[in-house]
Structure formats: C-alpha cells, structure tokens
Amino acid sequence: MPSDIVGTWEVVGIHVDTGATRTLHYRPDDFRLNGRIFHFSHEAIASNTPERQDCPSPGIAASIPVAGLIESSMAGRATPPANPTAEDYQLQLPADPGASAITVKCKGKLWGFGLGREDGIHGAWLLPLPGERLAVRWHDETILELKRVPENARPIPSFDCTRTSVESERAICHSIPLAKLDVSVAKSYAAATRELQEAKLQNSLTVLKAEQRAWLLKRNRCKSDAACLENAMSLRLEAIDRMQRED
C-alpha cells in the first residue's frame with residue numbers, strides 16, 4: 001500500500017450517479033455507509049461496510065490516469081448520455097492531469113473483482129482527493145469519499161458515555177467503529193421519524209418507535225460482544241432503510 005493511504009479512514013460522503021436511469025441500492029449520504037471505517041495496511045484492507053470485501057496481502061494491480069476515470073470505469077446508462085462524469089457524481093477530482101487511481105490485488109486476485117462493466121475498468125479503485133480525502137469505487141456504482149481518522153481520535157457515540165451503566169453502551173464507548181455505527185443508527189432513526197411525522201403517517205410512526213424499542217433491548221443483550229453489536233446495528237440500519245423505501 002502507498003504510504004499516503006496506509007491508516008484508518010472514515011466514510012464521510014457517498015457519491016452516486018445523479019443521472020442514473022435505474023434505482024440504485026445506495027443513496028447520497030446513505031446511513032448504511034456513512035461513518036463506516038476502512039483500515040489500510042501493508043498486510044490487509046478491511047472495513048465494516050455491509051459488503052466487507054476484505055483484502056489480505058494487498059498490492060497495486062494497475063495505475064489508472066484520472067482523466068476519464070469515471071467515464072471508463074463506472075457503469076453506463078440505458079439512455080444517453082451513456083457514460084456518467086465526475087460532475088454527475090458531484091465529485092471533485094484532482095486538478096493535476098498526472099494524478100492517477102490504483103486498483104488493488106489481494107493475493108493475486110482483483111479487489112472488488114465483481115465491479116465494472118464488460119468494456120470498462122474492473123475492480124475497486126483508490127484515488128487520493130484534494131483536502132486529504134480518498135475516493136474508493138464501491139458497490140452498485142457508488143463512490144465513497146473517505147477522510148483520515150486521526151491517531152488520537154476517541155469514540156463519540158450518540159449518547160453520553162459518562163452517564164451510561166449499560167454494558168453494551170460501555171462497549172460502544174470504547175470503539176470508534178461501534179460509536180460511528182451508533183451515530184448512524186441514531187441519525188437514521190431520527191430522519192425516518194421526521195419523514196413519517198411530516199407525511200402524517202401515524203401508524204407507520206408507531207410501528208417505527210415500537211421496533212426501535214424492541215431493537216434496543218435486543219442490542220443490549222449483546223453486552224460487550226463487539227461482533228454482535230456491529231451486526232445488530234448494521235441490521236437495524238437496513239431495516240430502517242427498508243421501511244423508508246416502502247413508505
């Protein structure tokens with residue numbers, strides 16, 4: 001891994017093709033991806049995104065010029081214009097014409113090998129962005145914008161860690177990835193509540209609140225089990241997203 005990529009990064013932006021001619025799996029600033037954590041090292045690439053796609057023994061597979069990167073790698077559309085651009089993704093690319101992205105191999109196999117259209121660039125790619133950001137080509141034609149997590153960063157969940165006596169919350173207070181997931185669940189729940197209130201869907205709002213209370217009890221049964229907590233919060237994000245799409 002290049003030295004400027006090694007480290008811990010947080011997803012701070014989700015970019016999708018604003019001119020897409022189909023329904024996309026992810027939406028801009030989707031809570032299921034926002035706040036997720038990537039770890040890049042010379043030994044492995046790992047993340048707590050829904051897709052995972054961990055990469056052991058990473059190495060550079062190819063270097064791709066930034067010019068035409070979006071047009072040549074992201075999937076086309078059913079109607080003209082056939083190929084999206086960086087503007088369609090609302091993504092600021094490096095101004096340096098010599099800038100390039102890299103694709104990655106994992107023990108000789110392409111990272112994100114399922115990504116890419118037949119006549120385009122395959123695999124996930126990494127592209128350093130202005131302002132010490134990093135773009136990652138991700139699933140269902142999504143581009144993630146990452147920001148480096150400082151080494152001295154501390155977990156900041158949606159609740160006050162000094163006032164909790166619940167074992168599951170104490171575990172969340174000691175983990176940046178879990179704290180970020182907790183914030184995403186809280187924001188997702190708040191957004192769904194607001195949407196249902198504005199739409200005057202009282203029955204759906206009652207269901208949402210009841211499900212959230214039941215979920216909190218289930219999450220707390222995880223106690224200090226980090227894997228259990230991560231799974232519980234990830235599933236809750238999926239459930240809230242599904243309810244919003246159905247309503």
Side-chain angles (χ1 to χ4, degrees), residues 1-22 24-26 28 30 33-34 36-47 49-78 80-148:
M1 283 284 93
S3 58
D4 60 342
I5 292 177
V6 169
T8 301
W9 300 72
E10 174 191 355
V11 177
V12 294
I14 296 96
H15 299 265
V16 299
D17 179 9
T18 56
T21 54
R22 64 181 178 83
L24 301 173
H25 182 65
Y26 288 117
D30 199 301
L33 286 173
N34 220 342
R36 301 296 75 75
I37 299 295
F38 278 79
H39 296 284
F40 295 96
S41 73
H42 298 298
E43 291 73 36
I45 299 173
S47 77
T49 60
E51 294 79 16
R52 296 290 182 173
Q53 285 289 309
D54 292 351
C55 175
S57 304
I60 296 176
S63 180
I64 310 164
V66 70
L69 173 66
I70 304 300
E71 294 85 344
S72 61
S73 63
M74 308 308 289
R77 303 160 175 162
N83 298 320
T85 64
E87 288 75 20
D88 292 321
Y89 273 86
Q90 299 180 337
L91 184 68
Q92 181 186 359
L93 297 180
D96 180 6
S100 61
I102 60 170
T103 54
V104 178
K105 56 186 178 181
C106 314
K107 288 188 174 179
K109 295 182 179 180
L110 193 62
W111 186 44
F113 62 89
L115 303 179
R117 60 179 188 265
E118 292 183 4
D119 60 342
I121 296 169
H122 286 253
W125 45 251
L126 307 174
L127 174 68
L129 296 176
E132 297 186 352
R133 303 289 177 102
L134 181 68
V136 180
R137 181 196 187 181
W138 207 237
H139 289 254
D140 196 41
E141 304 312 312
T142 304
I143 298 176
L144 305 181
E145 183 177 348
L146 276 55
K147 180 181 179 181
R148 188 182 293 276

Can you give me the closest heavy-atom contact between [X] and [Y], atom names plus distance?
X	Y	value
L129	P94	CD2-CD, 4.2 Å
Y26	H139	CD1-O, 4.2 Å
P84	A75	CD-O, 3.4 Å
V104	P58	CG1-CB, 3.9 Å
N34	G13	OD1-N, 4.0 Å
P128	D4	CG-OD2, 4.2 Å

Apply side chain to side chain contact (heavy atoms under 4.5 Å, CB included) to the pair R36 and L144, showing each step before the final yes or no.
CA-CA 10 Å; R36 301 296 75 75; L144 305 181; over 6 Å; no

Residues pairing under side chain to side chain donor-acceptor pair (under 3.5 Å) where one sits in residues 90-112, two or more places apart or in two chains, turn out to be S63-S100

As a quick check of understanding, evaluate side chain to side chain contact (heavy atoms under 4.5 Å, CB included) for W9 and V136, giving each step before the final call.
CA-CA 11 Å; W9 300 72; V136 180; over 6 Å; no

Residue pairs involving residues 126-142 (criterion salt bridge (charged side-chain N to carboxylate O under 4.0 Å, His left out); sequence neighbours excluded):
R22-D140, R133-E145, R137-E141

Do the non-hydrogen side-chain atoms of [X] and [Y] ever get within less than 4.5 Å of each other?
X	Y	answer
M74	N83	no
V11	W138	no
M1	I45	yes
T142	I14	yes
F40	L146	yes

Going from CG on L115 to CD on E51, what distance comes out if it is rounded to the nearest 0.5 angstrom?
9.0 Å

Taken to the nearest 0.5 Å, the spacing of L69 CG from I64 CD1 works out to 6.0 Å

Say whether, by atom type as modelled, one donor and one acceptor occur between the side chain of T18 and the main chain of Y89 under 3.5 angstrom.
no

Test your reading of the model: is there a side-chain donor-acceptor pair from R52 to the backbone of S47, 3.5 Å cut-off?
yes

side-chain contact (heavy atoms from CB on, under 4.5 Å), paired with L127, selected from I70, L134, L93:
L93

Let me see the working for D30 and V16 under side chain to side chain contact (heavy atoms under 4.5 Å, CB included), right down to the final yes or no.
CA-CA 10 Å; D30 199 301; V16 299; over 6 Å; no

